[in-house]
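Treat the numbers as computed from the prediction; the structure is a model and nothing was measured. Proteins come first, then strands; the chains are lettered A, B, ... in the order of their sequence lines, and each starts at number 1.
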There are 2 protein chains.
Amino acid sequence: MLDDKDRILIGALRRNARESLVGLARSVGLSRSATQERMRRLERDGIIKAYTVELASEQDPAVRAMIAVTFDPGFRCRHVVPHLSGIPEVVACHSLTGSIDLMVIVACESNASLDRIRDAISAVPGVATATTHVILGTPLARG
Amino acid sequence: MLDDKDRILIGALRRNARESLVGLARSVGLSRSATQERMRRLERDGIIKAYTVELASEQDPAVRAMIAVTFDPGFRCRHVVPHLSGIPEVVACHSLTGSIDLMVIVACESNASLDRIRDAISAVPGVATATTHVILGTPLARG
DNA sequence: GCCGCAGACCGGCATTTAGCCGGCCGGGCC
DNA sequence: GGCCCGGCCGGCTAAATGCCGGTCTGCGGC
């Protein structure tokens, strides 16, 4: 359905949807008319839904962090998550493969409250380690 | 800061960011060059952050993953993120404190495409390591 | 008053881009 | 082989853009 050139084209459009066809064609490595045809196909097939503008948003009043949690032997998500759901600042928990068992997303008002939350998570039965990574910024977000 | 004509212009761009200046000028009720100047002002003042494309294939990704990235010495988010924004499956990038420099959130159709994306991220200049954690589930999500 | 200045706007010109279309090429098929 | 079809290229003309000079208006200082 989508080949490499489609992906390059979509990537270029994501970066700047107002780029001219000539510029897009240079990125893709095809002639202008071939690029134009691909774009029309992507629009016709509904892959491309719309071209829109991204505005400066003004809401991130909080400290956010990702806390990488590992479990003690024998413990599972279903043992730990119920305790975490009691902490209001916990926004999400993702069960992961690899060296991290659970990624806990936290949003709170201050570093002091982040400290308390980290303590609370560490104290949950079954939590072996809780490594805190403050989110300094989100230079790319979509969806 | 924003007058009615700015709002009309932004509204028209939201509907179709690839609309020509001539068409936009018709919507706004100004000459083409005045419209062009307003657009440039909105871009310069940071009101308009980017022009981007909205895709259809973003609602039910089969595979989600967090890819923990570290940078080579001397590299920063601003060097790396622009490359990542060209990968359509990249949903978000979070700049972190701690042993992880950047957390890249990915949503794609299959493990095979996840493999390709991981390769693409690894190949970005400045990326030292890219550790993939597949998201097995999200037992808690709110807000 | 009135002068100069700055911002927003208009219109014209040269250049660039887009829309359209005929033609080329390679792969699949009979 | 001969045929068709999809993907691509390049040329032509019309449309859009970049650029810039010029007009108008509001504003502050003299």
Q) From the 5' end of DNA chain C to its 3' end, which nucleotides mark the outer limits of contact with chain A, defined by a 4.0 Å heavy-atom distance cut-off (strictly under)? A)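 Under 4.0 Å from chain A, the extent on DNA chain C is C:dT17 to C:dC20.
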Q) Taking only residues two or more places apart in sequence or in another chain, which ones pass salt bridge (Lys or Arg N to Asp or Glu O under 4.0 Å) with B:R7? A)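 Scan of B:R7 (salt bridge (Lys or Arg N to Asp or Glu O under 4.0 Å), adjacent residues dropped) gives B:D4.
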(Q) The criterion is salt bridge (Lys or Arg N to Asp or Glu O under 4.0 Å); which residues satisfy it with A:R118, sequence neighbours excluded? (A)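 Partners of A:R118 by the salt bridge (Lys or Arg N to Asp or Glu O under 4.0 Å) criterion, ordered by chain and then number, come out as A:D115.
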Applying side-chain hydrogen bond (donor to acceptor under 3.5 Å, both in side chains), can you list everything that pairs with [X], at least two apart in sequence or on another chain?
X	value
A:E37	none
A:E43	A:Y51
B:D119	none
B:T129	B:T70

Q: Work out which heavy atom in A:I8 is nearest to a heavy atom in A:V28; give both atom names and the distance.
A: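 Closest approach of A:I8 to A:V28: CG2-CA, 4.0 Å.
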Q. Does any residue of residues 28-39 of chain A have a heavy atom under 4.0 Å from DNA chain D, and if so, which ones, in number order?
A.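 Nucleic-acid contacts, sorted: A:L30, A:S31, A:R32, A:S33, A:A34, A:E37, A:R38.
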Q: Any salt bridge (charged side-chain N to carboxylate O under 4.0 Å, His left out) involving residues 16-34 of chain A? Give me the pairs, sequence neighbours left out, ordered by first then second residue.
A: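 Qualifying pairs: none.
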Q | Residue pairs fulfilling salt bridge (charged side-chain N to carboxylate O under 4.0 Å, His left out) with at least one residue in residues 69-98 of chain B, sequence neighbours excluded | A |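 Qualifying pairs: none.
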Q.
Heavy atoms within less than 4.0 Å of DNA chain C: which residues of residues 15-24 of chain A have one? Give them sorted by number.
A.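 Contacts with DNA chain C under 4.0 Å: A:S20, A:L21, A:V22.
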Q: Give every residue pair that meets the side-chain hydrogen bond (donor to acceptor under 3.5 Å, both in side chains) criterion with at least one member in residues 130-139 of chain A, sequence neighbours excluded.
A: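 For residues 130-139 of chain A, and leaving out neighbouring residues, the side-chain hydrogen bond (donor to acceptor under 3.5 Å, both in side chains) pairs sorted by first residue read A:R64-A:T138, A:T138-B:H94.
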